[in-house]
Amino acid sequence: MTKWTLIIGASGGIGQQIATTLAADGWSLYLHYHQHEETIQQMVDQFNHQYAGQEFIPVQYDLTDEANLSALTSNIFALDALVFAQGTTHYSLFKDLPLVKLQTMLQMQVVTPLRLVQEFEDKLARSSHGRIVFLGSVYGGAGSPMEVGYSTVKGALSAFARAYAQEIASTGITVNVVAPGAVATPMNDIFTGAEKAAVTEEIPAGRFADPNEISYWVKVLLDPAAQYLTGETIYVTGGWLR
Ligand SMILES: NC(=O)c1ccc[n+]([C@@H]2O[C@H](COP(=O)([O-])OP(=O)(O)OC[C@H]3O[C@@H](n4cnc5c(N)ncnc54)[C@H](OP(=O)(O)O)[C@@H]3O)[C@@H](O)[C@H]2O)c1
């Protein structure tokens with residue numbers, strides 16, 4: 001039977017790798033993007049060629065917009081898993097963080113995703129192994145100066161997963177957070193080479209993660225055998241900030 005995942009932020013560095021890993025694992029995918037339609041179209045073309053028995057459907061939506069959610073939800077039919085891999089950060093002292101930036105981060109990374117969870121709970125409960133996975137961050141646990149707003153947003157996802165997991169455990173849906181340390185993706189292009197080198201020195205593993213070292217854990221959480229793990233935040237950091 002076809003099993004379906006909706007990947008929010010499938011056009012991002014980590015999202016693309018999650019899509020690649022799940023497609024190879026036999027999943028059919030709804031591939032969400034905000035601006036990078038071409039990235040998604042290339043993946044769809046490639047996956048259609050590689051995995052003839054599966055389906056791959058692009059979905060566009062701006063998660064800062066909570067008002068027109070049906071434009072996204074009406075395109076989703078069967079659903080077994082919901083993965084949130086969208087996100088942005090803002091680097092500044094907290095006192096200099098414009099309120100609008102904080103509101104945007106909260107809206108697109110917490111409020112709209114939680115609205116989507118409400119919308120999709122019944123569909124996920126109809127799956128025998130419903131799954132929700134959020135991409136959090138090590139900063140959601142350890143906190144980071146200069147990224148206080150982002151740390152707050154990511155910590156909220158872990159708190160949500162802990163609470164909601166208890167409420168829905170009887171439906172068979174699990175909800176967890178995969179919280180990376182530093183991953184080699186375009187999200188870190190805001191930092192200079194010297195800044196990235198300074199972070200690398202702090203990481204016990206001595207390097208940024210490859211995106212497939214993150215998508216691996218998403219795949220594991222989506223496996224039926226992972227049924228008993230729920231409400232957790234899994235830190236995937238090469239030992240950094242732990
Ligand atoms: N990279 C890291 O070091 C790192 C570390 C810890 C946690 N994370 C988390 O991992 C997740 C993925 O990060 P990444 O490195 O893959 O980031 P990325 O490459 O910058 O991708 C960001 C994704 O967010 C989407 N997005 C941006 N604004 C949006 C909006 N208004 N509405 C809907 N989607 C929007 C983008 O869509 P378009 O490209 O289509 O516009 C893209 O798919 C994020 O939650 C991030 O916080 C990353």
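Note that ligands are numbered from 1 as they come in the structure, with each ligand's atoms numbered from 1 the same way.
Atom CD of E37 sits in a sparse spot, with 12 or fewer heavy atoms from other residues, nucleotides or ligands closer than 6.0 Å. Around CH2 of W4, the count of heavy atoms belonging to other residues, nucleotides or ligands within 6.0 Å exceeds 12.
Side-chain atoms of Q54 and K3, non-hydrogen and from C-beta on, never get closer than 4.5 Å to each other.
A side-chain donor from one of E147 and T89 sits under 3.5 Å from a side-chain acceptor of the other. Judged by distance alone, the side chains of Q50 and Q46 do bring a donor and an acceptor atom under 3.5 Å apart.
Here F191 pairs with Y91 under the ring pair (Phe, Tyr, Trp, His ring centres under 6.0 Å) rule; sequence neighbours left out.
Closer than 4.0 angstrom to ligand 1 lie heavy atoms from G9, S11, G12, G13, I14, H32, Y33, H34, Q35, H36, Y61, D62, L63, T64, A85, Q86, G87, M108, L135, G136, S137, Y150, K154, P180, G181, A182, V183, T185, P186, M187, N188.
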